[in-house]
Protein chains: 2
Amino acid sequence: MHLLLVEDDELVAQGLSRSLRQQGYSVEHCATVKAALQWLQSDQIELVVLDLGLPDGDGIDVLKHIKKHRKSLPVVILTARGSIDDKVLGLDLGADDYLAKPFDPAELFARLRVASRRLTQAQSSLLSVDDVVMDIAAHTVSYQQQPVNLPRKEFMLLKALLENQGRVLSKQQLENKLYEWGEEVGSNTIEVHIHHLRKKFPKELIKTLRGIGYVAGKR
Amino acid sequence: MHLLLVEDDELVAQGLSRSLRQQGYSVEHCATVKAALQWLQSDQIELVVLDLGLPDGDGIDVLKHIKKHRKSLPVVILTARGSIDDKVLGLDLGADDYLAKPFDPAELFARLRVASRRLTQAQSSLLSVDDVVMDIAAHTVSYQQQPVNLPRKEFMLLKALLENQGRVLSKQQLENKLYEWGEEVGSNTIEVHIHHLRKKFPKELIKTLRGIGYVAGKR
DNA sequence: GCGAAACTTAAATAAAACTTAAGAACAATT
DNA sequence: AATTGTTCTTAAGTTTTATTTAAGTTTCGC
């Protein structure tokens, strides 16, 4: 993992770099705001350890820059400014952690492990065919990047179809998915909903198999 | 946001609960390992503040349980055990942060904001859509640079929506965020609060998806 | 070309959300 | 402890929108 250490005290920097490398990071080091911003251009950096008191400016500016341009890049602040107000400010500006000097290296390493293990995390589940994308958790659907508003039943119907791409679902099966048990439906509801869906999406999305049912997806 | 406070000192717990509520969390409190595990069954909890010294066991067991079953649930440890070894252990077992008592409440709140904004991938303590800006730390909201006064529930509601921009939240989900467990709400409260919010902000801010829920932000 | 199945349309019905306003609960202040 | 003002909940009435129904039209396979 690629770590940028921004620290102007040469001695501290050297010691830290060495032990961070021992911890398995590839460490880049710089001592000024300017150099830090330079490094951040590169998109190579995955984790930042930031001292606030720098010779050519305030480390807080580096933090702001990072959170503006690469908001998910974790930053751990490491500084002599240990007042509560400083901490609150740093954390609220987007820092992921804040250690006041003097600190124990073991604690820093533990906190860096927390930050880096968070980098390896997952995303929400999406159903899609071509440029029709459904996010079930967020209850949203988009077509060609544009959000599409689907009423409840239409959403359920499309979801059923997308969950069974390539498989034919009979009207009966679809009804079972849309309606509670015992809630008999007396008419051509499914046909009507299909109709409405087709008006909102490309017509190839839902194919009819006469006498059998409907399928979504390519084939 | 639904927070579980695990703390056996009755006095501390009471004080903390109150100020956490003031910070806008719905707080559930328990004092034992057993009760904590119970609460965690419910899947309602989004954030945990954990004391380690509990009467019927070690809080570390609660942490282990969480990280086994609900990996991504953030846990902030808050304890009298302040040695480096304890900290490293706690953090390496999956805690997201670790504060040793005595601590300053302002710092705890700031660190909780870090944890909760990570849940919603917001970058700092400012949430905004267009010219509606919410400062979670300061508990203020403004619209077109003008401060807007929001009562607690309205604030919580707007916060929940802003934390989930683009995601649809059902009335049920919103209720879960505003009310503590067992505090059943019998009526159309959410609708009424939404109504009040809409009177104070541009009407495009909160969209209704009939039968599904509400969304804030552009889509 | 015939009949069954699916499509389309519009109106009727049902369901959800909005709007009010009143009073209960809660806080702050004296 | 009483008073005032604020915030929250309830509930009823209204409006809006989704869903169902039903009737007329088209399409498909035989």
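Chain letters run A, B, ... following the sequence lines, proteins first, then strands; residues in each count from 1. In this text the structure is predicted, and so the values were computed from the model without any measurement.
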Specify the separation, in whole Å, of atom [atom1] of [X] and atom [atom2] of [N].
X	N	atom1	atom2	result
A:L158	D:dA18	CG	C1'	17 Å
B:Q172	C:dA17	CD	P	12 Å
A:L178	C:dA15	CG	C1'	16 Å
B:L157	D:dC8	CG	P	11 Å
B:L150	D:dT7	CG	P	10 Å
A:K171	C:dA5	NZ	C1'	7 Å
B:E175	D:dT9	CD	C1'	12 Å
A:I190	D:dA22	CD1	P	16 Å

Side-chain donor or acceptor of [X] paired with backbone N/O of [Y] under 3.5 Å:
X	Y	result
A:Q165	A:S128	yes
A:S170	A:Q173	yes
B:D9	B:L11	yes

Practice task
Using a 4.5 Å cut-off on heavy atoms from C-beta on, say whether the side chain of B:I45 contacts that of B:L3.
Solution key: no
Handout entry: Side chains of A:K153 and A:Y179 in contact at under 4.5 Å (non-hydrogen atoms)
Key = yes
Completion exercise
The residue among B:L157, B:N188, B:L158 that forms side chain to side chain contact (heavy atoms under 4.5 Å, CB included) with B:H193 is B:L157
Practice task
Give B:Y179 one of three labels, base, sugar-phosphate or nothing, depending on what nucleic acid heavy atoms sit under 4.0 Å from its own.
Solution key: sugar-phosphate
Exercise for the section: Please assess A:L63 against A:I77 for the test side chain to side chain contact (heavy atoms under 4.5 Å, CB included), listing each intermediate value before the final yes or no. Expected result: CA-CA 9 Å; A:L63 175 61; A:I77 291 180; 4.0 Å; yes
Practice task
Please tell me which of A:G211 and B:G211 maps to the more 5' nucleotide of DNA chain C, matching each residue to the nucleotide holding its nearest heavy atom.
Solution key: A:G211
Polar atom pairs between nucleotides 7-10 of chain C and protein, under 3.5 Å, N or O only, would you list them?
unit_1: C:dC7; atom_1: OP1; unit_2: A:R198; atom_2: NH2; d: 2.1
unit_1: C:dC7; atom_1: OP1; unit_2: A:T208; atom_2: OG1; d: 2.7
unit_1: C:dC7; atom_1: OP2; unit_2: A:Y214; atom_2: OH; d: 2.7
unit_1: C:dT8; atom_1: OP2; unit_2: A:H195; atom_2: ND1; d: 2.6
unit_1: C:dT8; atom_1: O4; unit_2: A:N188; atom_2: ND2; d: 3.1

Taking only nitrogen or oxygen atoms into account, show me every contact under 3.5 Å that the protein makes with nucleotides 26-30 of chain D, one pair per line with its distance.
unit_1: D:dT27; atom_1: O2; unit_2: A:R210; atom_2: NH2; d: 2.8
unit_1: D:dC28; atom_1: O4'; unit_2: A:R210; atom_2: NE; d: 3.4

Ionic contact status for [Y] with [X], cut-off 4.0 Å:
X	Y	result
B:R117	B:E163	no
B:D96	B:R111	no
A:D135	B:R167	no

Exercise for the section: Identify the heavy atoms of A:L161 and A:Y214 that sit nearest to each other, and give their distance. Expected result: CD2-O, 4.0 Å
Handout entry: Shortest non-hydrogen contact from A:L40 toward A:R70
Key = O-NH1, 4.2 Å
Any protein N or O atoms within reach of nucleotides 22-29 of chain C? Criterion: under 3.5 Å, listing atom names and distances.
none

Would you list the atom pairs, donor with acceptor, under 3.5 Å between side chains in residues 27-37 of chain B and any protein atom, with sequence neighbours excluded?
unit_1: B:E28; atom_1: OE2; unit_2: B:H2; atom_2: NE2; d: 2.9
unit_1: B:E28; atom_1: OE2; unit_2: B:W181; atom_2: N; d: 2.6
unit_1: B:H29; atom_1: NE2; unit_2: B:E7; atom_2: O; d: 3.0
unit_1: B:T32; atom_1: OG1; unit_2: B:A35; atom_2: N; d: 3.0

Completion exercise
Axis-to-axis angle for the helix from C:dG1-D:dC30 to C:dT30-D:dA1, ends of five pairs each, to 10°, equals 40°
Practice task
Quick one: which residue pairs count as a salt bridge (charged side-chain N to carboxylate O under 4.0 Å, His left out) with a foot in residues 78-93 of chain B, not counting sequence neighbours?
Solution key: A:E107-B:K87, A:R113-B:D92, B:D58-B:R81
